[in-house]
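Let me begin by presenting the structure, written as structure tokens, before commenting on it.
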2 protein chains.
Amino acid sequence: MDAETQLAHAPPGTKDSLRLWLRLLTCATLIETEIRRRLREEFATTLPRFDLLAALDRNGEGLTLGDVSRRMMVSNGNVTGLATRLEAEGLIERRLDAEDRRAFRLRLTAKGAREFARQSRAHEGWIAELLGELTATERAELHRLLGRAKSSIRESLDTP
Amino acid sequence: MDAETQLAHAPPGTKDSLRLWLRLLTCATLIETEIRRRLREEFATTLPRFDLLAALDRNGEGLTLGDVSRRMMVSNGNVTGLATRLEAEGLIERRLDAEDRRAFRLRLTAKGAREFARQSRAHEGWIAELLGELTATERAELHRLLGRAKSSIRESLDTP
DNA sequence: CCTGCATGTTTTAAGCTTAAAGCATTGCGG
DNA sequence: CCGCAATGCTTTAAGCTTAAAACATGCAGG
């Protein structure tokens, strides 16, 4: 029994869901690859570094490594390494948390804030450019449907 | 000037595009993380291995490393390493290409084909489950709009 | 108080990923 | 036929990523 035949026997919607997922993944990969390339060429940095700076930029009071790990949806060991490198480059600083002696609090340095502002401005432009052929209506509708998809995924992850 | 103020001065649509991208990325990451987890737990394998087997499954006559690299949208050095590991596990085989002595041709072994059939069946089910709350209409519309997004991205990548 | 579980972080080993440099073969234009 | 750019693959160094194990601190209930 080949793949085609299997799909014919699968519950209705299986084939559609698979095609939808592959297209979603293609879009995400195309954008992500291009963003990584531009970050490297124009700012000699990487996407995870940019994402960590972005998280700190949105939280001026600082974040613990665990906070960052949850926001970025990556493992906490991962954040340890990223933070070590960014600290060595002088873009962020680690401070002992006054209230919890197990925790550090990460903050942008002045240099880090300046650097992120430059990168962030460029980043916004790149995304607007890549999605620029969509009309405002299409963007709104796509945003709404992706919200529905997100709900479906979270629901499915929470229930089992 | 803070991030909020900057966005207010950006061309119209910039803010929407950014939000759209973040939501798209969230959906892709949620699904991908779950698929990686299940491949590891249920089949002791990884997503790139699965993707390489899938590419070969769709092309019974075999693919060169370069073909695979283009289809998977990854570097060719990457495929070298993956193929080496999968060959060591007996799931694929490398054959000298009869027509081009620089190239190899990768094929699934019988064992690899059996193993991929099991994984593929499960994979379809996982995706259908994760996107199961969407109606057929929502899936179709989302697929269509992602097609528009894909065109916009490719257009933008091709023109500069 | 103290026991035990939860939380915050780091370390380790393994695998994935890339860009760049390098080697071999092909194929084309002169 | 010769030179040489294009193509196919591998190697290397660096960084990213994870799960699992380890260790410290916090906290709550007995």
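Basis for what follows: all heavy atoms, side chains included, without hydrogens, waters or symmetry-related copies. Letters go in sequence order (proteins before strands), and every chain restarts at 1.
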With heavy atoms under 4.0 Å as the rule, sort [X] into base, sugar-phosphate or nothing.
{"X": "B:R40", "result": "sugar-phosphate"}
{"X": "B:R94", "result": "sugar-phosphate"}
{"X": "A:G66", "result": "sugar-phosphate"}
{"X": "A:R49", "result": "sugar-phosphate"}

Checklist outcome for this item: Assert: residue with more 5' nearest nucleotide on DNA chain C, out of A:T64 and B:D100, is A:T64
Do the side chain of [X] and the main chain of [Y] share a donor and acceptor less than 3.5 angstrom apart?
{"X": "B:S69", "Y": "B:V74", "result": "yes"}
{"X": "B:S152", "Y": "B:R148", "result": "no"}
{"X": "A:R102", "Y": "A:D97", "result": "no"}

Next on the checklist: Check this one for me: any side-chain N or O of B:T46 less than 4.0 Å away from OP1 or OP2 of C:dC16?
Outcome noted: yes
Checklist entry - At under 4.0 Å, does any side-chain N or O of B:R85 touch on OP1 or OP2 of C:dG15? => result no
Could you tell me how far apart [X] ([atom1]) and [N] ([atom2]) are, to the nearest whole angstrom?
{"X": "A:D97", "N": "D:dG26", "atom1": "CG", "atom2": "C1'", "result": "12 Å"}
{"X": "B:N78", "N": "D:dT17", "atom1": "CG", "atom2": "P", "result": "14 Å"}
{"X": "A:L96", "N": "D:dA24", "atom1": "CG", "atom2": "C1'", "result": "13 Å"}
{"X": "B:L63", "N": "D:dG8", "atom1": "CG", "atom2": "P", "result": "13 Å"}
{"X": "B:R37", "N": "D:dA19", "atom1": "CZ", "atom2": "P", "result": "10 Å"}
{"X": "B:R36", "N": "C:dT17", "atom1": "CZ", "atom2": "C1'", "result": "11 Å"}
{"X": "A:L39", "N": "D:dC16", "atom1": "CG", "atom2": "P", "result": "12 Å"}
{"X": "A:I35", "N": "C:dT18", "atom1": "CD1", "atom2": "P", "result": "16 Å"}

Checklist entry - Do B:R101 side-chain and C:dT25 base share a donor-acceptor contact under 3.5 Å? => result no
Checklist entry - Any N or O donor-acceptor pair linking the side chain of B:R102 to the base of C:dT26 at under 3.5 Å? => result no
Can you tell me which nucleotide in [options] comes closest to the side chain of [X]?
{"X": "B:V74", "options": "D:dT11, C:dT10, C:dT18", "result": "C:dT18"}
{"X": "B:R70", "options": "D:dG8, C:dG8, D:dT11", "result": "D:dG8"}
{"X": "A:P48", "options": "C:dT25, D:dC16, C:dT9", "result": "D:dC16"}
{"X": "B:L82", "options": "C:dC16, D:dT11, C:dT9", "result": "C:dC16"}

Checklist entry - Are B:L86 and B:F104 connected in the hydrophobic side-chain network, where two residues link if heavy atoms are under 4.5 Å apart? => result no
Checklist entry - So which heavy atom on A:L106 is nearest to which on A:L56, and how close? => result O-CD2, 3.5 Å
Checklist entry - Does the pair A:R85 and A:E89 meet the rule for a salt bridge (Lys or Arg N to Asp or Glu O under 4.0 Å), with working shown? => result CA-CA 6 Å; A:R85 285 185 287 272; A:E89 292 170 24; over 6 Å; no
